[in-house]
There are 2 protein chains.
Amino acid sequence: MNKVTLNDVSRAAGVSRSTASLVLRGSSRIPEATSDRVRLAMAELGYVYNRHAANMRRSQSMTLGLIVTDIRNPYFAGLTMTIEEAAHEAGYTLLVGYSRDDVERQALQLETMVQQQVDGIFLLPAEGTELAPVCQIVDRSSVPVLQLARYFSEEMDYVGPDNILAGQRLARHVSSLGAASAVLIGGPEYSSARTERIKGLETGFAGSSVAFDASLSAATTTNNAAGGSEGVARVLDQGIWPDCIIAYSDAVALGIYAELRRRNLEPGRDVSVASFDDIAMAELLLPPLTSVATYPELIARKAAEMLLNRIRDSSLDPQRSLIEPALKIRASTAQWRPRT
Amino acid sequence: MNKVTLNDVSRAAGVSRSTASLVLRGSSRIPEATSDRVRLAMAELGYVYNRHAANMRRSQSMTLGLIVTDIRNPYFAGLTMTIEEAAHEAGYTLLVGYSRDDVERQALQLETMVQQQVDGIFLLPAEGTELAPVCQIVDRSSVPVLQLARYFSEEMDYVGPDNILAGQRLARHVSSLGAASAVLIGGPEYSSARTERIKGLETGFAGSSVAFDASLSAATTTNNAAGGSEGVARVLDQGIWPDCIIAYSDAVALGIYAELRRRNLEPGRDVSVASFDDIAMAELLLPPLTSVATYPELIARKAAEMLLNRIRDSSLDPQRSLIEPALKIRASTAQWRPRT
DNA sequence: CTGTTAGCGCATTCAC
DNA sequence: GTGAATGCGCTAACAG
């Protein structure tokens, strides 16, 4: 069975090519009997609709691109899966690329997607992404790009968590514990999410008795467990022993737990630990991890809606949408008591 | 800048279309000066190579499809990321679909990929996948399908872990601990991986003093933490308290740890726990989790190589490749002592 | 070495 | 209601 075309189908069914085409698109102007005959012929011949040909003709591809950094972080995995779901529901197919937080890989992937004529791109930008290089690739085909979870430009759509609010809510909780000091550990240095979370923490701690020095939090690392271990080691090796360690993300927190134990410090007892994201794992850890939920599924849904809108109407102003976070208090902070 | 074609470029550069086309493909038969002129024109006009048009003409799309069940399991995430990497290195773009272990979603995604003219498909089959429905979709375009990590047919290529060996190695370790009984918990009922792991465990335990009854292991569940909690609850509620709980996967094990603790049983002390996959998290848990590494990156690399070979030469016999597993012994079993 | 030509499979327009 | 003709942007084959 090779290359059965609409042509073959229409001939077999004894109708014209354009009739067969209309049947495909479910036109109501075709008599039942005719369209049944066509459908039968398609089934018998093993006809496969060739989207490339259709897309070329209609000059849209019904595909969307998604570039994320690393899906081994379940937070990004959840984001990715929901975007795929939303795209499929809207009739789009998804092309993916994993940048591994590398701007050059990301550029290659953007270029590929543009050549593949994607109708829109979800971009969870790699660390250090700048507007100019992205535009250079993307503007040639004027394909809309939506910034996901991190942003680097005000001129493009953005959907992400309300990181400032997330930081504030966490800060208020930590200060209510009676902690005297806190640091933030981990996360990519040049990411809007990290900057915003620090800002939220700073404003949330302002006026409280918690000493939070963002410069002490200069332990920027890769956004995974290895980064967490490394970051906490760096801080403790400076002789700093804060009452509360705030992880950039749950993935980072996992490494923080491990490194603390290597040093015979028990999280939740010797030091309180809190984090962002609230992936499923957070509450399964021992001790269960206090985390600010940032709802990747909601972000993904909103992002899909926004990008599809943009595709329909490119004249809109750039949109921003922030998803409200929720603090999940668990034993890693709740159990902890101030040293006396 | 809208729709700059090779035509426009060649006109601007003062060469013929075929010359411009040859420049694109890096032909050495074009004089430097000419090709520079062409490249300049492309840059100035903002030309974008249209792969759809090229693919249509050459009747191959340079895209591959990947269908996996759920990437929130880091094991599948690793598999997915490496496949993307290998595909990109070979010049292919990747279309993805997440079946969520649902055969109907999977069928839809297969259909979409076939219509998108993918050149090959990596399929990590959903539970209950059967050959006939898959072939019905896929054979119309005779696109090759490679079975990834689970299989449902001997007539298609397959790459996965050597699950039988993995089970045997784990069984031997567990019996060396002096355990008197073991059960397997979790995992999708109709998956080759589960069946094979049980077979490996059975043969590995044969002749030892460990009582392992696969029918006791009928606690099949979804392949995630919720499944682990549910499965272990089901077993314990029957009054069974084995010396060793073997999780279908690390993702499942996480839920087993949590449920044991809810019942005031400490993993690694009151009961030994072991698992398969050895995702990064396994050694970061407390206690660190004994697991049989199954190397998703190696599987993915091998799978990419095999599928690309198949695309080049569809006449080969179906291939099977098993990746050798390695037992990682950690405290969740090593720490445990038999009850006296 | 360059230029011209004819499709790839579909959607769409216009006569009929 | 149906059928023929045109072109999306590219590749490949062939003539100059």
Side-chain angles (χ1 to χ4, degrees), chain A residues 1-38 41-42 45-63 91 112 114-119 140-141 143, chain B residues 1-38 41-42 45-63 91 112 114-119 140-141 143:
Chain A
M1 303 212 193
N2 244 338
K3 290 286 164 203
V4 178
T5 74
L6 255 196
N7 219 334
D8 305 327
V9 171
S10 57
R11 192 164 32 224
V15 300
S16 76
R17 237 184 301 190
S18 40
T19 309
S21 186
L22 286 175
V23 170
L24 265 186
R25 327 205 78 228
S27 168
S28 53
R29 311 186 307 184
I30 304 287
E32 276 276 333
T34 309
S35 82
D36 282 355
R37 209 146 33 94
V38 172
M42 296 196 308
L45 298 175
Y47 167 72
V48 175
Y49 180 71
N50 185 333
R51 286 205 187 196
H52 278 178
N55 296 336
M56 180 141 142
R57 183 61 230 258
R58 307 183 17 179
S59 64
Q60 59 159 313
S61 69
M62 295 308 283
T63 60
T112 306
V114 167
Q115 292 187 0
Q116 288 277 3
Q117 316 288 113
V118 294
D119 295 330
R140 290 174 304 165
S141 69
V143 59
Chain B
M1 303 209 192
N2 243 339
K3 289 288 165 203
V4 179
T5 73
L6 255 196
N7 220 334
D8 304 327
V9 171
S10 57
R11 192 164 32 224
V15 301
S16 77
R17 233 185 302 190
S18 40
T19 309
S21 186
L22 286 176
V23 170
L24 265 186
R25 325 203 81 227
S27 168
S28 53
R29 311 186 308 183
I30 304 287
E32 278 276 333
T34 309
S35 82
D36 283 353
R37 207 145 37 93
V38 172
M42 296 197 306
L45 297 175
Y47 168 72
V48 176
Y49 180 71
N50 186 333
R51 285 204 186 196
H52 277 179
N55 297 336
M56 181 141 141
R57 185 60 234 253
R58 308 189 4 180
S59 62
Q60 58 159 315
S61 68
M62 294 308 284
T63 60
T112 306
V114 167
Q115 292 186 0
Q116 288 277 2
Q117 316 288 113
V118 295
D119 295 329
R140 290 174 305 166
S141 69
V143 59

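Each chain gets a letter, A, B and so on, in the order the sequences are listed, and its residues count up from 1.
At least one side-chain heavy atom of A:Met42 sits under 4.5 Å from a side-chain heavy atom of A:Leu24.
Taking the side chain to side chain donor-acceptor pair (under 3.5 Å) definition, one finds that B:Arg51 meets it with A:Gln115, sequence neighbours left out. Taking the side-chain contact (heavy atoms from CB on, under 4.5 Å) definition, one finds that B:Ala54 meets it with B:Tyr49, sequence neighbours left out. In this structure, the side-chain contact (heavy atoms from CB on, under 4.5 Å) partners of B:Ser59, at least two apart in sequence or on a different chain, are A:Lys3. Partners of B:Arg58 under the side-chain contact (heavy atoms from CB on, under 4.5 Å) rule, at least two apart in sequence or in another chain, are B:Arg25, B:Gln60. Here B:Thr63 pairs with B:Ser61 under the side chain to side chain donor-acceptor pair (under 3.5 Å) rule; sequence neighbours left out. Annotation: side chain to side chain donor-acceptor pair (under 3.5 Å) contacts of A:Ser35 (sequence neighbours excluded): A:Arg39. When the side-chain contact (heavy atoms from CB on, under 4.5 Å) test is applied to A:Arg37, the partners found at least two apart in sequence or on another chain are A:Val15, A:Thr34. Among residues two or more places apart in sequence or in another chain, the side chain to side chain donor-acceptor pair (under 3.5 Å) test is passed with B:Ser10 by none. The salt bridge (charged side-chain N to carboxylate O under 4.0 Å, His left out) test applied to B:Arg11 returns B:Asp8, not counting sequence neighbours.
Comparing the helix axis at one end of the helix from C:dC1-D:dG16 to C:dC16-D:dG1 with that at the other, each defined from 5 consecutive pairs, gives an inter-axis angle of 50° (nearest 10°).
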| query | Just by protein heavy atoms under 4.0 Å, how would nucleotides 9-16 of chain C read 5' to 3' in B, S and -? | reply | BBBB----
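Bracketed by its first and final contacts, the part of DNA chain D lying under 4.0 Å from non-hydrogen atoms of chain B reaches from D:dG9 to D:dA12 in 5' to 3' order.
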